[in-house]
Visitor: 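To start, I am sharing the structure in question, which I have written as structure tokens.
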Amino acid sequence: MPRVGIIQFSKIALSRDTESKSVVKFSFSMANLTSFIFFAVFFPALVFKAHGSNYGDRSRNHVALFIFGDSYFDAGNNNYINTTAFDQANFFPYGETYFMFPTGRFSDGRLISDFIAEYANLPLIPPFLQPGKIEYNNGVNFASGGAGALVETFQGSVISLKTQARNFEKIATQLQLGSDDAKKLLSRAVYMFSIGTNDYLSPFLTHSNVLNSSSHSEYVAMVVGNLTSVIKQIYNRGARKFVFKNLPPLGCLPGTRILQPEGNGSCIQELSSLASLHNQALSEVLLQLEEQLKDFKFSLYDFNADVTEMMNHPLKYGLKEGKSACCGWGSFRGEYNCGGKRGDKRFKLCDKPNEYLFWDSYHLTESAYKQLAVRMWSYTSHFHTRGSYTIKKLFQIVP
């Protein structure tokens, strides 16, 4: 490795398609590296700042977006915590297609939450931990890759949902010390959640016996119970409009297919069954909250059904591959090696991410997220949305 001026990533075995086995070297001058760091850290802030203004200057119909959850929504919070590369995506080739640099999003480009913000005429919603001053008029993203509803899920490496809720409390307190307009911002805002996936994946990935010590229904009740507590906490701060996505078929992700001892690449039924139990419990809890809490409104997107369809019938959605990841290693590219920063430096990268459903072992490509976001935004079919509202409708409702 050169000591001055040039940084080379020469040990990363990378092939740009499934056949090539070439080794590619990436070199950056220190000037280029400085520019990269500037844009990676400050570009999202500049985008957000350009759209920011005092609340009083906004339209009376302005609706902010507050985002909570895991790596499906994390826009870069994990860049700023002391964690491992397993819970970060701030390195090549993450972000390669849209941003042209890694922002910390677990995809090649934008996430569902980014597209929802766009459809709501909002800028990119900034990570809560992003350096510098953040104006909260458009909302804040609290999500953390690897986070769960249970505090114990990857504890110490991520920002749990409970901590995310505390971070929101800090902002809510600041806003409510201000004008009545600021309080209206909280009541008019949409609150968007993606949580639970890691609560069920972590026992498998860490070989924990937590699922053996309690029944599946009891474990699901703990996860959904913790989420319910956070929903009520945020509701008590003025939130009224909530958006949720349920869990994908967890046993059928590239990273879980490879866990089958037979090595046949079939889905792990136990994991997918846990996801189904969770999804049913979440739906029932939200209907109960709708009855119990005054003016509580929600949209629940059937992420599971759509991902299953795209996985089994990729051509129908303009994709060529529905089971293997674009970036990774081994069977189905299910080894979580994308970027070569997670222990094993070997990884393969497809030529055209937009032809794949899965970007890496657990996450989707921007092209897949965009299709899902379109259906999540406004489709009224029962196949896509549970509850009385679409997200589009929630943004249109102004108390």
Visitor: What's the verdict on side-chain hydrogen bond (donor to acceptor under 3.5 Å, both in side chains) for T97 and D108, showing C-alpha distance, side-chain angles and the deciding distance?
Guide: CA-CA 6 Å; T97 57; D108 61 304; 2.8 Å; yes
Visitor: Within the 4.5 Å heavy-atom criterion, are V285 and F244 side-chain neighbours or not?
Guide: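 A side-chain contact is absent here, since even the closest heavy-atom pair is not under 4.5 Å.
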Visitor: Distance check, rounded to the nearest 0.5 Å: Q292 atom CD versus L289 atom CG?
Guide: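 These two atoms lie 5.5 Å from each other.
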Visitor: With a distance cut-off below 6.0 Å to the six-membered ring centre and an angular limit of 45° from the axis, does K245 pair with Y72 as a cation-pi contact?
Guide: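 Ring-cation test returns yes.
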Visitor: Quick one: closest heavy-atom pair of S144 and Q164, and the distance?
Guide: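 Residues S144 and Q164, closest heavy atoms: N-NE2, 3.7 Å.
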Visitor: Looking only at heavy atoms, what is the nearest atom pair of S272 and P249, with distance?
Guide: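 Heavy-atom minimum between the residues: OG-C, 3.8 Å.
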Visitor: When you measure from the side chain of D114 to the backbone of L111, do you find a donor-acceptor pair of N or O atoms at a distance under 3.5 Å?
Guide: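 Yes; judged by distance alone, with no hydrogens or angles, the pair exists.
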Visitor: Counting N and O atoms only, with roles assigned by atom type, does the side chain of N78 sit under 3.5 Å from a partner on the main chain of Q88, one being a donor and the other an acceptor?
Guide: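 No: the side chain of N78 does not pair with the backbone of Q88.
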Visitor: Determine the minimum heavy-atom distance between S361 and G334, stating which atoms define it.
Guide: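 So the minimum-distance heavy-atom pair works out to OG-O, 2.8 Å.
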Visitor: Just by distance, no angles: are the side chains of T153 and D199 close enough, under 3.5 Å, to form a donor-acceptor pair?
Guide: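 Yes, D199 and T153 have a side-chain donor paired with an acceptor closer than 3.5 Å.
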Visitor: Side chains of S273 and H216 only: does a donor on one sit below 3.5 Å from an acceptor on the other?
Guide: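 Short answer, no.
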Visitor: Do D360 and Y336 pass the side-chain contact (heavy atoms from CB on, under 4.5 Å) test, and can you show the C-alpha distance, the side-chain angles, and the key distance before you say yes or no?
Guide: CA-CA 7 Å; D360 66 16; Y336 195 42; 3.6 Å; yes
Visitor: Has S187 got a side-chain atom pairing as donor or acceptor with K184's backbone, closer than 3.5 angstrom?
Guide: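 Side chain of S187 to backbone of K184: a pair is present.
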Visitor: Are the side chain of Y369 and the backbone of L364 linked by a donor-acceptor contact shorter than 3.5 Å?
Guide: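 The answer is yes, because a donor-acceptor pair under 3.5 Å joins these two groups.
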Visitor: Which atom names give the shortest non-hydrogen contact between T256 and L250, and what distance separates them?
Guide: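 Shortest heavy-atom contact: OG1-O, 2.7 Å.
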Visitor: For I125 versus A75, what's the shortest heavy-atom pair and its separation?
Guide: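 Looks like O-CB, 4.3 Å.
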Visitor: N79 side chain to T103 main-chain N or O, any donor-acceptor pair under 3.5 Å?
Guide: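 Such a contact is found between N79 side chain and T103 backbone.
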Visitor: Calculate, to the nearest 0.5 Å, the distance between atoms OG and CD1 belonging to S194 and I67 respectively.
Guide: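 The distance works out to 10.5 Å.
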Visitor: Give, for atom CZ of F358 and atom CG of L253, the distance between the pair rounded to the nearest 0.5 Å.
Guide: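 Reported value, rounded in 0.5 Å steps: 5.0 Å.
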Visitor: Should Y356 and R333 be marked as a side-chain contact (heavy atoms from CB on, under 4.5 Å) after you check the CA-CA gap, both sets of side-chain angles, and the distance that decides it?
Guide: CA-CA 12 Å; Y356 282 69; R333 293 188 185 161; 4.1 Å; yes
Visitor: Looking only at heavy atoms, what is the nearest atom pair of G69 and A147, with distance?
Guide: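 Answer, listing the atom of G69 first, then A147: O-CB, 3.6 Å.
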Visitor: Quick check for you: to the nearest 0.5 Å, what is the distance between N198 atom CG and S157 atom OG?
Guide: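 Output value for this atom pair is 11.0 Å.
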Visitor: So, the side chain of N246 versus the backbone of F303: is there a donor-acceptor pair under 3.5 Å, distance only?
Guide: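 Checked: pair present.
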Visitor: Before you tell me yes or no, could you show the steps for E355 and T365 under side-chain contact (heavy atoms from CB on, under 4.5 Å), namely the whole-Å CA-CA distance, both residues' side-chain angles and the distance that decides it to 0.1 Å?
Guide: CA-CA 9 Å; E355 295 180 349; T365 59; over 6 Å; no
Visitor: Y191: which residues meet the ring pair (Phe, Tyr, Trp, His ring centres under 6.0 Å) condition with it, sequence neighbours left out?
Guide: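 Checked Y191 against ring pair (Phe, Tyr, Trp, His ring centres under 6.0 Å); matches are F66, F168, F242.
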Visitor: Given side chains that start at C-beta, do those of L282 and L286 come closer than 4.5 Å, heavy atoms only?
Guide: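 Side chain of L282 against side chain of L286, heavy atoms only: contact under 4.5 Å found.
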Visitor: Is the shortest heavy-atom distance from the side chain of F106 to the side chain of D70 under 4.5 Å?
Guide: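 A side-chain contact is absent here, since even the closest heavy-atom pair is not under 4.5 Å.
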Visitor: Taking atom NZ as the centre, does K297 end up with more than 12 heavy-atom neighbours from other residues, nucleotides or ligands that are less than 6.0 angstrom away?
Guide: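 Check passes, neighbour count above 12.
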Visitor: One thing to verify: whether R346 and E335 come together as a salt bridge, which I'm taking to mean a side-chain N less than 4.0 angstrom from a carboxylate O.
Guide: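 Looking at E335 and R346, the cut-off is not met.
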Visitor: Compute whether any side-chain donor of one residue and acceptor of the other, for Q288 and E284, lie under 3.5 angstrom apart.
Guide: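 Absent: no donor and acceptor within the cut-off.
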Visitor: Do S208 and T206 have a side chain donor and acceptor closer than 3.5 Å?
Guide: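 Per modelled atom types, S208 and T206 side chains form no pair under 3.5 Å.
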Visitor: Kindly compute the distance separating CG (D344) from CG (N337), expressed to the nearest 0.5 Å.
Guide: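 The distance works out to 4.5 Å.
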Visitor: Side-chain contact, heavy-atom cut-off 4.5 Å: P353 with E96?
Guide: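 When only atoms from C-beta onward are counted, E96 and P353 do touch, with a gap below 4.5 Å.
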Visitor: Could you tell me the separation between the CG atom of N226 and the CG atom of L150, rounded to the nearest 0.5 Å?
Guide: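 Output value for this atom pair is 5.0 Å.
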Visitor: Is a side-chain N or O of E321 found less than 3.5 angstrom from the main chain of L357, in a donor-acceptor match?
Guide: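 Side chain of E321 to backbone of L357, a donor-acceptor pair under 3.5 Å: no, none is there.
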Visitor: Should V374 and F115 count as side-chain neighbours, where that means a heavy-atom distance under 4.5 Å?
Guide: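 Side chain of V374 against side chain of F115, heavy atoms only: no contact under 4.5 Å found.
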Visitor: Would you indicate whether C327 and C338 have their SG atoms under 2.5 Å apart?
Guide: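 Correct, these two cysteines form a disulfide.
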Visitor: Taking side chain as C-beta onward, heavy atoms only, is M192 less than 4.5 Å from M376?
Guide: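 M192 reaches M376 side chain to side chain.
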Visitor: Does I234 belong to the same Ile/Leu/Val/Met/Phe/Trp/Tyr cluster as V151, with side-chain heavy atoms less than 4.5 Å apart forming each link?
Guide: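 Hydrophobic grouping puts I234 apart from V151.
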Visitor: So, is the end of the R240 side chain (NZ or CZ) under 6.0 Å from the ring centre of Y235 and within 45° of the ring's axis?
Guide: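 So R240 does make the cation-pi contact.
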Visitor: Find out whether F91 and R342 are in side-chain contact, i.e. whether some heavy atom of one side chain is under 4.5 Å from a heavy atom of the other.
Guide: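 They are in side-chain contact.
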Visitor: Go through it in stages, so that I can follow the logic: the residues are R237 and Q233, the test is side-chain contact (heavy atoms from CB on, under 4.5 Å), and I'd like the CA-CA distance, side-chain angles, deciding distance and then a yes or no.
Guide: CA-CA 7 Å; R237 277 295 190 176; Q233 178 182 348; 5.9 Å; no
Visitor: Are the side chain of K241 and the backbone N or O of L394 linked by a donor-acceptor pair below 3.5 Å?
Guide: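 Yes, because the side chain of K241 sits within donor-acceptor range (under 3.5 Å) of the backbone of L394.
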Visitor: Mark yes or no for whether E366, through its side chain, and A368, through its backbone, hold a donor-acceptor pair below 3.5 Å.
Guide: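 No.
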Visitor: Scan Y119, Y389, W377 and name whichever one has a ring-ring contact (aromatic ring centres under 6.0 Å, His included) with F395.
Guide: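 Single pass found, and it is W377.
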Visitor: Counting C-beta onward and ignoring hydrogens, is there a side-chain heavy-atom pair between I195 and F68 closer than 4.5 Å?
Guide: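 Contact flag for I195/F68 side chains = no.
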Visitor: Has the side chain of T173 got a donor or acceptor atom that lies under 3.5 Å from a matching backbone atom of E169?
Guide: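 Yes; judged by distance alone, with no hydrogens or angles, the pair exists.
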